[in-house]
Protein chains: 2
Amino acid sequence: MSEGAREAAVETIQRELTAFARRARATAARLHPELPLVSYTLLAHIHDRAGCSATDLAAHYLLDKSTVSRQLASLEKLGLVERRPDPDDHRVQVVHPTEEGRRVLASTQASRHAAYEERLRDWSAEDLARFAAYLVRYNAAVTPGPPETPRR
Amino acid sequence: MSEGAREAAVETIQRELTAFARRARATAARLHPELPLVSYTLLAHIHDRAGCSATDLAAHYLLDKSTVSRQLASLEKLGLVERRPDPDDHRVQVVHPTEEGRRVLASTQASRHAAYEERLRDWSAEDLARFAAYLVRYNAAVTPGPPETPRR
DNA sequence: CGGTTTCGGTTGTATAGTACAACGGTTTGT
DNA sequence: ACAAACCGTTGTACTATACAACCGAAACCG
């Protein structure tokens, strides 16, 4: 394979990933109008980590703490998360999903999953596995790294 | 390969693409603070297609035409694109980059390309080609379809 | 033709998401 | 005990976005 081909592949990856990112918001809005993409991702992260601080979220998604603060206020208002002061450190608000939050998250994830299944219907299991592996490998190179709350 | 493996691959694809989309804005802001992601993608598409209409852009990026209209007004104000009425159809504004627009786009693309090269440095040419092909295939299933300006 | 419909685009209005800066309360380190 | 670092909120401003109402041009149809 020529050097030019390598260049071309990088160009294509850049173009396609950018196009995807650009459309993600609109796609998410169609998939689940009731839970915007941002709220969805934050809620999903909170759920995955079974309780975390606002600062964790800000670091993970490269957001300002004020943004996270407002997003959490909004999620709380919707009754999807609870914030409770950490008994060990009164500065920290430990956030975790409510029952309703878990329910909404599950339903949203189901509709997203169905949409992905639909789009990937014609793919062979082998192609899916390879594509997934490539994405994991790609994101691993970009993601801030492992620390992510040194769990005191 | 089991059915469960297929499921797992779809889950992974969904999770990784979502994470990517969620960080794309911040990443783009770091890569080229001077040209926001949205402007960048619109300008790149205008350049690739060597002149296109606002409606083309709206369809390609799933944006409302009003959004595109304002984005183009902003790009025009920055002197990066020109809009000229199509002589064959007075409703259409044909948009294309100015000399300055091409220059800025080239510089932005260079910095983005360098960042991508860096991240993909360890990949073999074969893996890059396969990953690129998967992304193209994936996006093709989502994109509104081939017409994309049926060129009258 | 002539009227209606469709189409491309702009503008008014409203909302979400975001950043930055200033601040208040809490903990930590010296 | 005082200063520094830290967590989070709030004030402010801006960008991106959608939806709806509209204008003018073209296409369609009877």
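By convention in this document, chain letters (A, B, ...) are assigned in the order of the sequence lines, proteins followed by strands, and residues within each chain are numbered from 1. Quick note: numbers below take in every heavy atom, side chains included, and nothing from hydrogens, waters or symmetry partners.
- With a 4.5 Å cut-off on side-chain heavy atoms, A/Arg25 and B/Leu62 do not count as touching.
- For A/Leu63 and C/dA16, the CG to C1' distance is 13 Å, given to the nearest whole Å.
- Side chain of B/Ala54, nearest nucleotide from C/dG9, C/dG12, D/dA25: C/dG9.
- Straight-line distance from the CZ atom of A/Arg25 to the C1' atom of C/dG17: 7 Å, rounded to whole Å.
- Out of D/dT17, D/dT9, C/dG17, the shortest distance to the side chain of A/Val38 is found at C/dG17.
- Here the side chain of A/Asp64 is nearest to one of C/dA19, D/dC19, C/dT27, namely C/dA19.
- Set against C/dC20, C/dT13, C/dG9, the side chain of B/Val92 has C/dG9 as its closest nucleotide.
- Contacts of A/Ser66 with the nucleic acid, taken as non-hydrogen atoms under 4.0 Å apart, include base atoms.
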Q | Working for side-chain hydrogen bond (donor to acceptor under 3.5 Å, both in side chains), residues A/Tyr134 and B/Arg130 | A | CA-CA 9 Å; A/Tyr134 282 141; B/Arg130 280 189 225 113; 3.0 Å; yes

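- Nearest to the side chain of B/Asp89, among D/dT12, D/dA25, C/dG17, sits D/dA25.
- When distances run from any side-chain atom of A/Arg83 to the nucleotides C/dG9, D/dC7, D/dT9, the shortest one goes to D/dT9.
- Heavy-atom distances to DNA chain C give each of B/Arg70 and B/Lys65 a nearest nucleotide, and the one nearer the 5′ end belongs to B/Lys65.
- The interatomic distance linking A/Leu42 (CG) with C/dA16 (C1') rounds to 13 Å, in whole Å.
- Here B/Gln93 does not reach the OP1 or OP2 of C/dG8: none of its side-chain N or O atoms lies under 4.0 Å away.
- Atom NZ in B/Lys77 sits about 12 Å away from atom P in D/dC14, given to the nearest Å.
- When the nucleotides D/dA5, D/dG11, C/dG8 are ranked by their closest atom to the side chain of A/Arg91, D/dA5 comes out on top.
- Mapping A/Thr67 and A/Arg22 onto DNA chain D via the closest heavy atom, the residue that lands nearer the 5' end is A/Thr67.
- Checked by atom type, the side-chain pair B/Arg84/B/His96 shows a donor-acceptor distance below 3.5 Å.
- Distances shorter than 4.0 Å separate some side-chain N or O of B/Thr55 from OP1 or OP2 on C/dG9.
- Between B/Asp86 and B/Arg91, none of the side-chain N atoms (NZ, or NE/NH1/NH2) sits under 4.0 Å from a carboxylate O, so this pair counts as no salt bridge.
- Under a 4.0 Å N-O distance rule, the pair B/Asp48/A/Arg15 does not qualify as a salt bridge.
- In this structure, B/Leu37 places its CG atom 14 Å from C1' of C/dT18, rounding to the nearest Å.
- Candidate nucleotides D/dA25, D/dT10, C/dG17 were compared by shortest atom distance to the side chain of A/Gln71, and C/dG17 ranks first.
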